[in-house]
There are 2 protein chains.
Amino acid sequence: MTRLLPPPDRQRATTVLDVARLAGVSAMTVSRTLNQPQRVPPATRQRVQAAVQATQYVPNLLACGLRSRRSRLVAAIVPALGSPVFSDTVQALTATLAEAGYHLMLGQSGYGPAGEDALLQAVIRRRPDGIVLVGVDHSRQARDTLAGCGVPVVETWDLTPAPIDMLVGFSHADVGAAVCRFLAGQGRRRLAVVSGADARAARRTQAFQATAHALGLPTPAVVEAEAPTTLGHGRQALRALLALPAGVDGIFCSSDMLALGVLTEAAHQGIAVPGRIGVVGFGDQPFAADAEPALTTVRVDGARIGHEAALRVIGRIAGAPAAELPALDVGFSIFTRRSA
Amino acid sequence: MTRLLPPPDRQRATTVLDVARLAGVSAMTVSRTLNQPQRVPPATRQRVQAAVQATQYVPNLLACGLRSRRSRLVAAIVPALGSPVFSDTVQALTATLAEAGYHLMLGQSGYGPAGEDALLQAVIRRRPDGIVLVGVDHSRQARDTLAGCGVPVVETWDLTPAPIDMLVGFSHADVGAAVCRFLAGQGRRRLAVVSGADARAARRTQAFQATAHALGLPTPAVVEAEAPTTLGHGRQALRALLALPAGVDGIFCSSDMLALGVLTEAAHQGIAVPGRIGVVGFGDQPFAADAEPALTTVRVDGARIGHEAALRVIGRIAGAPAAELPALDVGFSIFTRRSA
DNA sequence: CTGAAAGCGCTAACAA
DNA sequence: TTGTTAGCGCTTTCAG
């Protein structure tokens with residue numbers, strides 16, 4: 001903890017008043033010119049804009065936000081900033097929000113509700129106009145805090161019958177079931193799952209196993225890997241699965257990176273993919289199409305999730321009633337390439 | 001652009017005054033209890049803290065920042081949020097800043113100064129207490145803006161004799177030269193570079209070529225790939241290099257993902273690595289150690305860059321003179337594994 | 001179409 | 001140790 005010294009005495013910043021004086025108008029007119037230019041006649045507008053240029057005026061959004069009760073800030077909390085899974089979503093969020101004049105404030109919760117609670121507490125102090133969360137598993141405390149502060153909330157990347165507020169995602173259970181049927185449909189019977197330690201992956205795994213059971217297949221083996229999942233985890237997992245007496249002929253990995261590890265180890269051991277083992281990933285990362293063999297994987301439109309989440313936040317801020325912003329299931333698809 | 005409606009009439013938020021009334025003290029005492037608890041006697045402190053709990057008070061950092069002229073916000077602008085290269089840096093920045101009570105505000109400039117200028121403009125409106133940039137190539141406008149607004153700035157991931165303010169990085173020219181000597185030292189003579197389109201990678205490439213020239217080697221071929229670099233780009237690049245009449249026996253890739261692509265294509269074509277071609281990556285991503293063969297790569301301590309950058313911002317905010325916060329070269333190393 | 005007054009929620013500066 | 005006063009920079013509100 002650093003000891004706080006008095007703030008540096010930067011020269012007093014230029015304010016609307018400085019601009020107003022130079023333009024020969026009132027502060028209000030400057031404010032209007034900046035925020036609702038169409039409500040100011042062109043002649044005045046130009047004088048003000050010239051004065052803004054001349055004074056190098058930079059609006060203070062802290063003051064704007066305080067007075068107007070709109071920070072023009074939307075917070076997004078993702079499990080891992082580095083994770084490529086969410087980067088399309090973050091990208092789309094940023095872009096769509098920017099078009100509407102909002103900035104995105106990113107936070108990383110690090111999987112699990114403990115980090116999320118602390119982050120949420122910190123974030124709310126900045127008075128965001130909206131909050132976007134990944135996942136639907138939040139602590140009681142988080143739900144109360146969010147419900148209490150009246151900020152629009154969108155949960156993403158999952159579905160639940162009881163969202164905090166708004167919802168854009170897809171069913172992880174459906175993913176697990178679909179991939180299981182997909183592999184079984186290729187005649188594979190000794191299935192397995194390699195799964196990172198996160199709640200959504202666990203949901204996919206569970207449905208995968210239930211579906212295997214329903215299809216009369218042997219119970220799939222499960223190898224757990226720590227998050228974040230790496231290529232090394234995938235290689236280890238395949239070695240572990242090959243050591244099993246039952247053997248394995250179809251593997252569902254909870255990330256493409258894990259799947260790439262499985263492919264790498266298979267190639268290293270001379271095991272034919274998809275001949276002897278079929279491999280399915282999750283995420284359709286940029287490398288999936290170019291892996292050897294090309295990776296069959298679950299494709300989710302992360303950009304659409306981000307875009308729709310942004311639209312919902314913006315809509316709610318603009319006063320749209322809940323009925324106009326229904327929960328959205330963006331679905332998923334199994335993108336078939338060579339590996340299965 | 002969404003039309004702005006009047007802000008939602010959320011119930012008036014609880015303020016320091018509400019807490020003060022309940023605790024039977026003044027607003028100032030509440031403020032002190034929150035910000036400098038050691039300056040309030042334990043008895044008072046406890047009464048206030050109880051009142052904070054009871055009222056569910058959440059401080060408004062917009063107001064704090066406006067009044068105290070300290071937003072407790074540090075902005076970081078990185079070329080690509082998704083890029084795993086910077087994730088250690090962002091992680092360390094976040095952690096070190098958080099310890100000192102600062103939040104990190106992340107922005108993505110998307111390589112190239114155009115995006116950076118716009119983002120910078122937007123960011124400064126939030127009145128950050130410090131700004132961390134990746135790279136040292138900034139537009140004239142950006143440099144002026146930053147110098148003018150008096151905010152501490154740290155440039156990172158590169159070195160320059162003329163930083164805007166503070167600097168934590170390493171020499172990309174040295175990297176290019178070192179890798180060239182490394183490959184040449186293995187007796188490889190027909191060298192090549194596969195490079196993403198970014199300024200720092202270009203600097204490494206240039207030094208690589210200059211060093212090859214100095215060593216009396218043939219001019220290395222260069223294959224450019226768009227950013228962000230992918231495994232597919234790496235595969236394509238190797239195919240292109242193999243089609244060259246001169247041939248190739250050593251390749252320096254500007255990212256580990258490109259290198260993984262080169263390895264993949266080499267394996268696919270039955271080309272021995274490191275036997276026939278040596279491959280060196282950049283970044284030491286988590287997958288590098290587990291690639292087949294394990295990837296020799298340039299390792300940079302991204303976490304240290306983030307940590308040191310944070311220390312510099314905090315130090316400058318606390319009033320430390322420039323002399324106490326010298327430019328720092330964190331260096332790099334070539335992490336030798338099997339691929340070269 | 002424009003401006004004057006007031007105040008968002010908080011803390012710096014001073015006084016007691 | 002505590003409180004009072006004032007005002008950060010902006011925009012809401014209402015009157016001209």
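For the numbers below, each heavy atom of this structure counts, side chains included, while hydrogens, waters and symmetry mates do not. So that the names make sense, note that chain A is the first sequence line, chain B the second, and so on, each numbered from 1.
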Please confirm whether the shortest side-chain N or O distance from [X] to OP1 or OP2 of [N] is below 4.0 Å.
X       : N      : value
B/Ser68 : C/dC10 : no
A/Ser31 : D/dT11 : yes
A/Thr44 : C/dT2  : yes
A/Thr15 : D/dG9  : no

Consider the side chain of [X], meaning its heavy atoms from C-beta on, and name the nucleotide among [options] that approaches it most closely.
X       : options               : value
B/Arg69 : D/dG9, D/dT11, C/dC10 : D/dG9
A/Ala63 : C/dC10, D/dG9, D/dT1  : D/dG9
A/Val16 : D/dG9, D/dC10, C/dG3  : D/dC10

Length of the line joining [X]:[atom1] and [N]:[atom2], which is rounded to integer Å:
X        : N      : atom1 : atom2 : value
B/Asn60  : D/dG9  : CG    : C1'   : 14 Å
A/Arg127 : C/dG9  : CZ    : P     : 8 Å
B/Leu62  : C/dC8  : CG    : P     : 15 Å
A/Arg67  : C/dG9  : CZ    : P     : 9 Å
A/Leu61  : D/dC10 : CG    : P     : 9 Å
B/Asn35  : C/dG9  : CG    : C1'   : 13 Å
B/Arg32  : C/dC10 : CZ    : P     : 15 Å
A/Met28  : D/dT13 : CE    : P     : 11 Å

5' precedence on DNA chain C between B/Leu17 and A/Thr29 (nearest-nucleotide basis): A/Thr29
Less than 3.5 Å apart, any donor N or O on the side chain of A/Asp18 or A/Thr55 sitting next to an acceptor on the other? no
Quick test of your reading of the model: are A/Arg316 and A/Asp165 salt-bridged, counting only N-O distances below 4.0 Å? yes
Salt-bridge present (A/Arg200, A/Asp137; N to O < 4.0 Å): no
Counterpart residues, side chain to side chain donor-acceptor pair (under 3.5 Å), relative to A/Arg126 (two or more places apart): B/His103
